[in-house]
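Numbers for residues simply follow the sequence, beginning at 1. Hydrogens, waters and symmetry mates are skipped; everything else that's a heavy atom, side chains included, is used.
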Amino acid sequence: MNPNDRFVDLVSVHFPDAEIQSVSPLTGGVSADATLIDIENADRSRIRLVLREHGSNHNGHGAALEYQLLDSLLALGFAVPKPFGFGDGEGGENGVSQLPYVVLEYIEGATEIPSSEVEARITTAAEKLVAIHEVATVSLPELPPRFDPVPELLDFLPDNAEWEGLRSLLSHMRSAAFSGNGVLLHGDYWPANIVWDDGRIVGVIDWEDAAIGDPQSDVACACLEFRYAYGDWGSECFLNAYSARRHVDPFRFALWQAYVAAAGNCSMDNWGLDPSKVQAMRAVALKSIREAHAVLTPSNTASG
């Protein structure tokens, strides 16, 4: 049996008259297996598709919700992949794949940032996140809430004596839930999910962790990722660019900074990275948790 036969069956569900021209795996994902599929329709038009199949590490949205969210964002004029179809896996509707999947438009461009354009592009990325946070959520499908980092943060914190003070502080915190209006959150806003062409963002991809909630959660995630990529300066550059356009609460930012850093510290062994890179990223994550702890300490803030 030709290993590409299953792609033929799947494509025929969504593009009945199309022929597959080529199939190649896409690398870099953790929670989904992505495949690039070039097809030609009966009218000779060609389309590049991305098939995202939810793997065993997937803990994001189901295929139907991912499809609905992208369709809604596209209708609002956002640069996201056009969704062509989805399936819920074996035994369900369109069950031509053993796994839940979404078929998307492939957005041409690059995620790498030229060294001469880093500051300008980080600023542009921050501006794009501001725009995401200003989307009218009434136009979107129902997404999970993300307002309070503390319950999961307590689970994510390393289990050793260094973190007992922060654990105690969080456990006795009066309230850590965001009390403002929830905004659209991308949920995984980092350089590899931002597609560029000639200095412009032409696509924001991988919305499987989107939610409604505290904007500081997205800002903290992005700052940590730009810190991994460009050091402390990268994080500061993103935070300064974002906060110049939308308020950032230092206390809430510190809560989410601790959350995303502790979550990353717990899971980065499963990201398929070189051990030396994991070691360097873990040092950054632990440093970020320590910095957050200093901000959250009662003598340094009246919030909480």
Side chains of [X] and [Y] in contact at under 4.5 Å (non-hydrogen atoms):
X: L169; Y: P298; value: yes
X: V204; Y: L129; value: no
X: L286; Y: P158; value: yes
X: T35; Y: S24; value: no
X: V183; Y: V135; value: no
X: L104; Y: R52; value: yes

Stepwise side-chain contact (heavy atoms from CB on, under 4.5 Å) test for W233 and R227: CA-CA 7 Å; W233 173 87; R227 192 175 198 176; over 6 Å; no

Y242/H247 under ring-ring contact (aromatic ring centres under 6.0 Å, His included): CA gap, chis, key distance, verdict: CA-CA 8 Å; Y242 182 96; H247 175 67; 9.9 Å; no

Does [X] share a hydrophobic cluster with [Y], counting links as ILVMFWY side-chain heavy atoms below 4.5 Å and allowing steps through other members?
X: I107; Y: V50; value: no
X: I122; Y: V195; value: no
X: L76; Y: V130; value: yes
X: Y189; Y: L143; value: yes
X: I39; Y: F7; value: yes

For [Y], is there an ion pair with [X] - N to carboxylate O distance below 4.0 angstrom?
X: D274; Y: K277; answer: no
X: R282; Y: D269; answer: yes
X: E127; Y: R245; answer: yes
X: D214; Y: R146; answer: no

Using modelled atom types only, decide if a donor and an acceptor are shared between the side chain of [X] and the backbone of [Y] within a distance under 3.5 Å.
X: T124; Y: A120; value: yes
X: H61; Y: A210; value: yes
X: R290; Y: A285; value: no
X: S235; Y: D232; value: no
X: D188; Y: D206; value: no
X: Q216; Y: F253; value: no
X: S168; Y: E164; value: no
X: N240; Y: E236; value: yes
X: T297; Y: H293; value: yes
X: D148; Y: V150; value: yes

Please report the closest heavy-atom contact between [X] and [Y], naming both atoms and the distance.
X: D218; Y: G187; value: OD1-N, 2.9 Å
X: I289; Y: A258; value: CG1-O, 4.1 Å
X: V102; Y: A63; value: CG2-O, 3.7 Å
X: L154; Y: L170; value: CD2-CB, 3.9 Å
X: A176; Y: P149; value: O-CD, 3.9 Å
X: I212; Y: L185; value: C-CD1, 4.2 Å

Would you say the side-chain atoms of [X] and [Y] include a donor-acceptor pair closer than 3.5 Å?
X: Y259; Y: E152; value: yes
X: E66; Y: H54; value: yes
X: N160; Y: E162; value: no
X: H186; Y: D209; value: no

Over 12 foreign heavy atoms within 6.0 Å of CD, E142: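 Incorrect, the count does not exceed 12.
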
Is it the case that more than 12 heavy atoms not belonging to Q21 sit under 6.0 Å from its CD atom?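 Yes, CD of Q21 has more than 12 neighbouring heavy atoms, counting only those of other groups under 6.0 Å.
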
Classify the angle between the aromatic ring planes of F178 and F147 as parallel (below 30°), tilted (30 to 60°) or perpendicular (above 60°).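 Taking F147 first and then F178, their aromatic rings lie parallel (interplane angle under 30°).
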
Can you say whether the rings of F226 and Y230 are parallel (under 30°), tilted (30 to 60°) or perpendicular (over 60°)?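 Parallel: the ring planes of F226 and Y230 meet at under 30°.
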
Separation between [atom1] of [X] and [atom2] of [Y], rounded to the nearest 0.5 Å:
X: C223; Y: F238; atom1: SG; atom2: CZ; result: 6.0 Å
X: W207; Y: S72; atom1: CH2; atom2: OG; result: 11.0 Å
X: E117; Y: W196; atom1: CD; atom2: CH2; result: 9.0 Å
X: N41; Y: R46; atom1: CG; atom2: CZ; result: 10.5 Å
X: L239; Y: C237; atom1: CG; atom2: SG; result: 10.0 Å
X: Y106; Y: I205; atom1: OH; atom2: CD1; result: 9.0 Å

If you take the centroid of each ring, where Trp contributes its six-membered ring, are H14 and Y101 closer together than 6.0 Å?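 That pair passes the under 6.0 Å test.
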
Aromatic ring proximity, centroids under 6.0 angstrom, F84 and F15: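 Yes, they do, as the ring centres are separated by less than 6.0 Å.
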
Stepwise side-chain contact (heavy atoms from CB on, under 4.5 Å) test for I37 and V11: CA-CA 9 Å; I37 305 175; V11 167; 4.2 Å; yes

L296/L255 under side-chain contact (heavy atoms from CB on, under 4.5 Å): CA gap, chis, key distance, verdict: CA-CA 7 Å; L296 296 171; L255 279 175; 3.9 Å; yes

Decide side-chain contact (heavy atoms from CB on, under 4.5 Å) for L184 and H133; before the verdict, give the C-alpha distance in whole Å, the side-chain angles of both, and the deciding distance to 0.1 Å. CA-CA 5 Å; L184 171 64; H133 290 168; 5.8 Å; no

